[in-house]
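Taking it in order: structure first as structure tokens, then the write-up.
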Amino acid sequence: MILMKDIIREGHPTLRAKAKEMTFPLSVEDQQLCDDLLEYIVNSQDEELCEKYNLRSGIGLAAPQVNASKRVFALHIPDDEKPLTNFIAINPKIVSHSVEKTYISSGEGCLSVDRDVPGYVPRYSRITIKAYDKEGNEIKKRLKGLPAIAFQHELDHLNGIMFYDHIDENAPYKDIPGAIPFERE
Ligand SMILES: CC(C)(C)[C@H](NC(=O)Nc1cc(F)cc(F)c1)C(=O)N(CC(=O)NO)CC1CCCC1
Ligand SMILES: [Zn+2]
């Protein structure tokens, strides 16, 4: 199982690399990688396991964050108006998106960043995505809200982009024209 020690932190070059596409059929180790990413996220949302293994609770994890420069990430967002659970996205793409933007009003964080970086991170409010599952079947989904934000955050990791790359450091809370904030409870 993935533990915090396996999650690389900012400064590690793999977080700035462009990850490689996965090929089908997946090798046994690639299948294991997909399962491990999802297992971490699900484990990290379990109070006991979180405590027992000292995990930082998360909703998404991308392969580069465990030093595997491959185009796959996992999302598990159970308590959402439209839950997105046990989701493994292989070779993911955004095929279309709203003009409208959103941002998490309290800003973003990252399992690979051990510090607070204040500021709004602009994201598309709604996206249509394409990805493949472990069996190589094509998945198409329309996402909004936190699932849409998280998908964009994880896709950035596959392209070596960190959330704070999107923050205007001279005006971190600059208004994002037309954007509708995502209010965390
Ligand atoms: C880094 C951490 C703060 C743990 C973050 N969790 C998170 O944002 N949870 C959250 C946000 C909400 F808006 C409402 C809510 F109910 C729970 C997270 O898992 N990630 C995953 C990560 O680092 N992937 O690489 C960062 C998030 C930033 C935007 C979405 C994912
Ligand atoms: Zn992250």
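In this text the structure is predicted, and so the values were computed from the model without any measurement. First listed ligand is number 1; within each ligand, the first listed atom is number 1.
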Please check if the side chain of [X] supplies one atom and the backbone of [Y] the other of a donor-acceptor pair under 3.5 Å.
X	Y	answer
R123	A148	no
R56	C110	yes
Q152	Y124	yes
E154	A63	no
N159	I161	no

For ligand 1, is there an N or O atom under 3.5 Å from any N or O atom of [X]?
X	value
I149	no
R56	no
H153	yes
E154	yes
L111	yes
H157	yes

Problem set entry | Residue, atom name and distance, where the atom is the protein heavy atom closest to atom 16 (F) of ligand 1 |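 The answer is E185 OE2, 3.5 Å.
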Exercise. How does F182 reach ligand 1, if at all, at less than 4.0 Å between non-hydrogen atoms: by side chain, backbone, both, or neither?
Worked result: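 Side chain only.
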Exercise. For ligand 1, which part of S106 has a heavy atom less than 4.0 Å away: the side chain, the backbone, both, or neither?
Worked result: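 Neither part.
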Problem set entry | Row check, F24 ring normal vs K134 NZ/CZ: under 6.0 Å, within 45° |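 Judged by the rule (NZ or CZ under 6.0 Å from the ring centre, within 45° of its axis), K134 is not positioned above F24.
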Exercise. Protein heavy atoms: any of them under 4.0 Å from atom 31 (C) of ligand 1?
Worked result: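 It does: a protein heavy atom is found less than 4.0 Å away from atom 31 (C) of ligand 1.
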Exercise. Is the CG atom of D114 crowded by more than 12 outside heavy atoms at less than 6.0 Å?
Worked result: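 Atom CG in D114 is packed in, count exceeds 12.
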Problem set entry | E47 CD: over 12 foreign heavy atoms closer than 6.0 Å |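 Count not over threshold, so no.
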For this session: Give a yes/no on ligand 1: does G60 have at least one heavy atom closer than 4.0 angstrom to it?
Result: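 In this structure, G60 qualifies as a contact of ligand 1 - some heavy atom is under 4.0 Å.
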Problem set entry | Angular separation of C110 SG and H153 NE2 about the Zn ion (ligand 2), given to 10° |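 Reported to 10°, the angle equals 120°.
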For this session: Only heavy atoms count here, so choose which of L146, I59, L75, I77 is nearest to atom 15 (C) of ligand 1.
Result: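 Residue with the shortest heavy-atom distance to the ligand atom: L146.
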For this session: Compute whether any side-chain donor of one residue and acceptor of the other, for E10 and S112, lie under 3.5 angstrom apart.
Result: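 On atom types as modelled, these side chains do not qualify, holding no pair under 3.5 Å.
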